[in-house]
K.L.:
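First the structure, then my questions, so here it is.
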Amino acid sequence: MKTKNSEQLFEKSKHHIAGGVNSPVRAFKSVGGSPIFFKKSRGCYLYDEDGNKYLDFVGSWGPMVLGHSNEKVISAIRAQAGKGISFGAPTKNELEIAKLIKSYIPSIEKLRMVNSGTEATMSCIRLARGTTGKNKIIKFIGCYHGHVDSLLVKAGSGLATLGVPDSPGIPEELSKLTLTLPYNDIDSVKKAFEKYGDDIAAIIVEPIAGNMGFIEPDLEFLQYLRDVTSQNNSILIFDEVMTGFRVARGGVQELTGIEADLTALGKIVGGGLPVGVYGGKASIMNNISPDGPVYQAGTLSGNPIAVSAGTALLKQLKDKTLYEKLEANAYLFLTMIGEYCKKENIPFSYSARGGMFGFFFSETLPKNFDDVTNSNIEMFSLFFKGMLERNIYLPPSAYESCFISSQHDENKIRKAAKTAIEVLKDIKDEV
Ligand SMILES: *Cc1c(COP(=O)(O)O)cnc(C)c1O
């Protein structure tokens with residue numbers, strides 16, 4: 001397969017765009033090779049600058065749950081563009097999307113629109129601190145909440161150690177306020193509350209983790225987070241930027257029945273345009289300016305075109321059976337590969353929820369970040385390259401989730417699984 005044009009574009013971009021890309025994972029650093037530059041997308045396919053066509057399992061990292069270039073989303077964008085692009089003033093459409101979001105995720109009583117998932121989580125953290133008067137935040141290792149200063153923090157060693165920054169440019173004074181704990185580990189949360197309980201403003205968690213690969217929580221773990229925050233006057237923040245409208249229409253909250261105080265949304269909610277949303281209990285949201293003292297604002301927040309795209313997509317998610325179909329097709333893909341791996345003694349584990357799925361070259365399903373690190377990452381990279389050469393586009397990192405859309409029908413899935421088995425045949429003796 002020829003990818004010369006993509007390679008040349010990347011070389012040129014490096015002179016003008018930092019790292020040649022506008023978001024780091026796009027640079028293919030963790031799998032090696034040069035990123036593909038795309039120019040068109042339709043249904044479940046992406047088309048690159050060299051004329052290649054790929055079956056896409058990234059879906060723009062989530063938004064394309066009904067496939068690329070959805071007709072209703074495109075018409076809504078066109079119609080709104082004809083009426084006006086931005087007013088910097090309220091519109092009726094914002095009211096409509098707010099009601100729609102609330103009807104899908106009932107724990108949200110009031111909300112605010114912003115321009116990215118990062119802005120949504122950042123605003124949740126400020127609001128939690130402003131509401132409780134407390135300073136510390138608990139997050140979990142391997143959960144990604146956008147590039148917010150307080151949330152780009154990993155643990156030192158040991159339980160409930162005060163965080164050290166993940167990136168230069170984040171003052172230690174700030175990262176010290178973030179406690180980072182292992183995912184799915186109730187005991188470490190218990191200890192953190194014993195030690196710092198008076199000063200913990202919030203727990204923020206991906207209630208199904210999608211940014212260290214696809215990792216499901218133990219139900220008892222999520223329930224414990226709910227209980228311990230309620231008992232200590234802390235706020236429970238579910239970061240459903242990835243899982244919202246993706247694992248189920250109402251996100252993880254619908255799947256588990258466990259409700260957050262505040263929820264962050266992004267990705268699907270903008271229909272592929274840059275939108276974030278945060279919302280939750282009215283008693284907390286009333287603390288936001290102009291009703292309350294916690295400041296948060298945005299020049300382009302609730303932008304009419306972005307809102308029209310998000311509304312057009314969300315309206316098409318009314319039928320919940322969509323998520324059963326997505327999950328069935330994801331499992332079809334995974335079990336076909338899984339059966340081959342079992343026969344050949346290749347360690348392989350997998351799971352799926354709605355339109356999101358993950359697999360690991362490991363005997364058992366990882367429960368946390370360390371487990372993922374112990375899976376065969378090198379094998380993932382070879383698998384990724386083999387799939388790419390055969391026109392299947394997977395996320396370019398073992399630490400990402402895969403996404404499936406309603407346009408990935410059973411035939412395409414079976415064909416993709418057969419291709420995956422061919423790739424595994426080629427690489428199984430290399431690692
Ligand atoms: C993508 C993502 C974010 C960040 O959203 P951006 O729109 O990239 O800022 C935050 N949290 C989770 C769980 C995400 O998957």
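In this text the structure is predicted, and so the values were computed from the model without any measurement. All ligand and atom numbering here is 1-based and tracks the order in the structure.
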K.L.:
Just grab all the ring-ring contact (aromatic ring centres under 6.0 Å, His included) pairs involving residues 102-152, residues at least two apart or on different chains.
P.N.:
F140-F221
K.L.:
Applying salt bridge (Lys or Arg N to Asp or Glu O under 4.0 Å), run through K315 and E96 and close with a yes or a no.
P.N.:
CA-CA 11 Å; K315 274 186 178 166; E96 188 188 4; 3.1 Å; yes
K.L.:
Near ligand 1, which residues have a heavy atom under 4.0 Å away from one of its atoms?
P.N.:
S116, G117, T118, Y144, H145, G146, E206, N211, D239, V241, M242, K267
K.L.:
Is the gap between the ring centers of F383 and F359 under 6.0 Å?
P.N.:
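Yes, the ring of F383 comes within the 6.0 Å limit of the ring of F359, centre to centre.
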K.L.:
Not counting sequence neighbours, which residues clear side chain to side chain contact (heavy atoms under 4.5 Å, CB included) with K40? List them please.
P.N.:
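Listed in chain order: R42, Y47.
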K.L.:
Would you please name every residue forming a ring pair (Phe, Tyr, Trp, His ring centres under 6.0 Å) with F28, sequence neighbours left out?
P.N.:
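Partners of F28 under the ring pair (Phe, Tyr, Trp, His ring centres under 6.0 Å) test: F384.
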K.L.:
When you compare the side chains of E378 and S381, does any donor N or O come within less than 3.5 Å of an acceptor on the partner?
P.N.:
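The answer is no; no qualifying pair exists.
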